[in-house]
Amino acid sequence: MITTAVYDTRPYDREHLQRASRDSDVEWRFLDFRLTRETAALAQGARAVCVFVNDEVDRACLETLAGHGIALVALRCTGFNNVDLAAAKALGLTVTRVPVYSPHAVAEHAVALLLTLNRKIHRAFSRVRELNFSLNGLVGFDLHGKTAGIVGTGKIGRIVAQILHGFGMKVLAFDPFPDANWANRSGVTYVDAASLAGFSDVVSLHIPLTPETKHLIRQETLDLMKPGAILINVSRGALIDTTALIGALKSGRLGGVALDVYEEEEGIFFEDLSGQVLQDDELARLLTFPNVLITSHQAFLTREALTDIARTTVDNLQALDAGTPFVGGSVLT
Ligand code: NAD
């Protein structure tokens, strides 16, 4: 049996992981709190832990896991910025992730946010339910004929680019590793980062969080953006300097912002805090702007993506015991 402690388990994780492991020798131990240095010891007796985006897998946490005989940290997500890979390697722990799952899930959510924000559907929905049928303040703009700037043309960015091209937008892109063939086929034009910022009516971020990309959107990059532009971030919160973002919203320079991720989302996103006082003042400020739309890291949340994630996670756990290769692209250490 490959006993696996699943941290931060939600009902949809449990359902999909159980379904994917039906004919396997993986046994789940579902835990409803996050993995941190304080909770790592509770994995005792398991061979592996399964973690998500907001678990804090730092050196102290990994030392405790290794001390309790854990052999594998299986991330049930693509990004791995929350794991100290150097420490894991030094401790002899294998770390795997899910390198690919429905990129359509995330790309379609980015476009859903854009359409909702631009056409003010979130405000219209609340109004109509209050029997307020007025249209005042709900004016948007045609996407057709406008310019979209896609930062990062990996799996997700490409799909967003193609969808927006389908709306009749002119699509610019920036990526340090451009794919000219794909761009030609898809009607996309690669430009440098400053041109993308200056010409785009909509900027959408689709890059990993690394020390180099942290606060890619900050005061000086916001100053380069076209006045009135819409910014979309479904990638990682810390790509944006929240303080600078709030400044650009207060000054009216930005037309709107849609976020599925937030710099300080740990401990807030995925939780029901509806009966409590929100302690994060910057998030509280963001929530006051009529032109800010926030979802709680749900871009991955489709049946297809959850099925892909669960299947790859089970395959990686089984590979641990069987000595067969891990799913291609999964192994981080
Ligand atoms: P990917 O690895 O396929 O593509 C990332 C691209 O970003 C690559 O082409 C890379 O060259 C490019 N890049 C790296 N640094 C850059 C920079 N400074 N400027 C411009 N481009 C840069 O990744 P993907 O599958 O498309 O995912 C992108 C990100 O989306 C992930 O890293 C993850 O953080 C995020 N994500 C979020 C959710 C969610 O639920 N909100 C779900 C999945 C992924």
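First listed ligand is number 1; within each ligand, the first listed atom is number 1. Start at 1 with the first residue, then count along the sequence.
- Where the criterion is an N or O separation shorter than 3.5 Å, residue side chain and backbone included, Gly157 fails it with respect to ligand 1.
- Annotation: cation-pi geometry not satisfied between Arg14 and Trp28 (NZ/CZ under 6.0 angstrom from ring centroid, within 45° of ring axis).
- Considering backbone and side-chain atoms together, Gly79 places no N or O closer than 3.5 Å to any N or O of ligand 1.
- Of the protein's non-hydrogen atoms, Ile207 CG2, 3.7 Å is the one closest to atom 13 (N) of ligand 1.
- Proximity to Phe177 (heavy-atom distance under 4.0 Å) selects the following atoms of ligand 1: 11 (O).
- Numbered from 1 in the order shown, with element, the atoms of ligand 1 that lie under 4.0 Å from a heavy atom of Gly152 read 7 (O), 20 (C), 21 (N).
- The environment of CZ in Arg34 is crowded: more than 12 heavy-atom neighbours from other residues, nucleotides or ligands sit within 6.0 Å.
- Looking at Val106 against ligand 1, only its side chain comes within 4.0 Å, counting heavy atoms.
- Put simply, part of Pro176 is less than 4.0 Å from ligand 1, judged by heavy atoms.
- Not one N or O of Thr213 is nearer than 3.5 Å to an N or O of ligand 1, by distance alone.
- Using a cutoff of 4.0 Å between basic side-chain nitrogens and carboxylate oxygens, Arg10 and Glu15 are not scored as salt-bridged.
- Of all the atoms in ligand 1, the ones that sit under 4.0 Å from a non-hydrogen atom of Ala299 are 39 (C), 40 (O), 41 (N).
- Asp241 has no carboxylate O lying under 4.0 Å from a charged side-chain N of Lys214, or vice versa, which leaves the two without a salt bridge.
- Taking OG1 of Thr302 as the reference point, atom OH of Tyr12 lies at 12.5 Å (rounded to 0.5 Å).
- Side-chain contact between Asp84 and Leu62 is present, with heavy atoms from C-beta onward closer than 4.5 Å.
- Contact check for Thr147 versus Leu172: side-chain heavy atoms found under the 4.5 Å cut-off.
- Looking from atom 43 (C) of ligand 1 to the surrounding protein, the closest heavy atom is Tyr101 OH, 2.9 Å.
- Of all the heavy atoms of Phe269, none lies under 4.0 Å from any atom of ligand 1, so neither backbone nor side chain is involved.
- Looking only at heavy atoms of the protein, atom 26 (O) of ligand 1 is closest to Ile156 N, 2.9 Å.
- With a 4.0 Å heavy-atom cut-off, ligand 1 is reached by the backbone of Thr153 but not by any atom from C-beta on.
- Of the protein's heavy atoms, Val234 O, 3.8 Å lies nearest to atom 38 (C) of ligand 1.
- For Asp23, the CG atom counts as loosely surrounded, since its 6.0 Å shell holds 12 or fewer non-hydrogen atoms of other residues, nucleotides or ligands.
- Shown in contact with Pro208 at under 4.0 Å from a heavy atom are these atoms of ligand 1, numbered in order with element: 5 (C), 7 (O), 14 (C), 32 (O).
- When each of Asn316, Thr312, Thr313 is paired with Ser330, the side-chain hydrogen bond (donor to acceptor under 3.5 Å, both in side chains) condition holds for Asn316 and for no other.
- The shortest contact between atom 9 (O) of ligand 1 and any protein heavy atom is with Asp175 OD2, 2.6 Å.
- More than 12 heavy atoms of other shown residues, nucleotides or ligands fall within 6.0 angstrom of atom CZ in Arg123.
- In this comparison of His206, Arg236, Gln298, the heavy atom closest to atom 33 (C) of ligand 1 sits on Arg236.
- Between Phe52 and Phe300, the distance separating the two ring centers is shorter than 6.0 angstrom.
- In this structure, His297 and Phe270 have tilted ring planes: the angle between them lies in the 30° to 60° band.
- The side chain of His297, and not its backbone, has at least one atom closer than 4.0 Å to an atom of ligand 1 (non-hydrogen atoms only; side chain from C-beta on).
- Looking only at protein heavy atoms, the nearest one to atom 19 (N) of ligand 1 is Phe174 CE2, 3.4 Å.
- At the top of the distance list for atom 2 (O) of ligand 1, counting protein heavy atoms only, stands Lys155 NZ, 3.9 Å.
- Annotation: side chain of Leu75 is not in contact with side chain of Val98 (no heavy-atom distance under 4.5 Å).
- In this structure, the protein non-hydrogen atom closest to atom 30 (O) of ligand 1 is Ser235 OG, 3.6 Å.
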